[in-house]
Amino acid sequence: MFHGGGIRDGAAYYLGDTPGTDPLASPFYADLTGLPPLFIQASGAEVLLADSTRLADKARAAGVQVEFEIWPKLPHVWQLFAPFMPEARAALAKTSVFLRRVTG
């Protein structure tokens, strides 16, 4: 779904004059201390996997509880396909379990 040129163009459209290192543009550049627990799901086949991994590592280093799942061979944002993909339904079910647990 994403590739180099498309990401560059999309980033320029999204950011406008804001630097990509602005914490409001990318959570990777923010101080993550004090965040509530995070639940991150990423496809093992997507271009944003390294970004997801780096964010999970940075959050853990800031003392944030992180649950990070890598799902193999799925498209970016596969959870949107819940009506058609059993993996999407399973991912959303795991998200629901996480939310119920952390919001108690």
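Atom set for the values below is all heavy atoms of this structure, side chains included, hydrogens, waters and symmetry mates excluded.
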Can you tell which of Val66, Leu32, Val64 makes a side-chain contact (heavy atoms from CB on, under 4.5 Å) with Lys58?
Leu32

Give a yes or no answer on whether the side chain of Gln41 reaches the backbone of Ala91 with a donor-acceptor pair at less than 3.5 Å.
yes

Hey, are the side chains of Glu87 and Phe81 touching, using non-hydrogen atoms and a 4.5 Å cut-off?
no

Out of curiosity, does Leu49 fall in the hydrophobic cluster containing Ile40 (side-chain heavy atoms, cut-off under 4.5 Å, transitive links)?
yes

Enter the distance from Gln79:CD to Arg89:CZ here, rounded to the nearest 0.5 Å.
13.0 Å

Taking all non-hydrogen atoms of both residues into account, name the closest pair between Ala45 and Lys73 and its distance.
CB-CA, 4.2 Å

What's the shortest heavy-atom distance between Ser43 and Ile70, and which atoms?
C-CG2, 4.3 Å

Between Met85 and Pro75, what is the shortest heavy-atom contact and its length?
CE-CD, 4.3 Å

For Trp78 and Ala42, which heavy atoms make the closest approach, and how far apart are they?
CZ3-C, 3.7 Å

Tightest non-hydrogen contact, residues Leu38 and Phe98, listed as C-CZ, 3.7 Å

Separation between CG (Leu24) and CG (Leu15), nearest 0.5 Å, reads 11.0 Å

Closest heavy-atom pair and its distance - Pro19, Ala25:
O-CB, 4.0 Å

Any salt bridge between Arg54 and Asp57, counting N to O under 4.0 Å?
no

Are Thr95 and Phe39 packed together at the side-chain level, in the sense that at least one heavy-atom pair is separated by less than 4.5 angstrom?
yes

To the nearest 0.5 Å, what is the distance between CG on Leu55 and CG on Leu48?
11.5 Å

With sequence neighbours excluded, give me every side chain to side chain donor-acceptor pair (under 3.5 Å) pair touching residues 18-38.
Asp31-Thr33

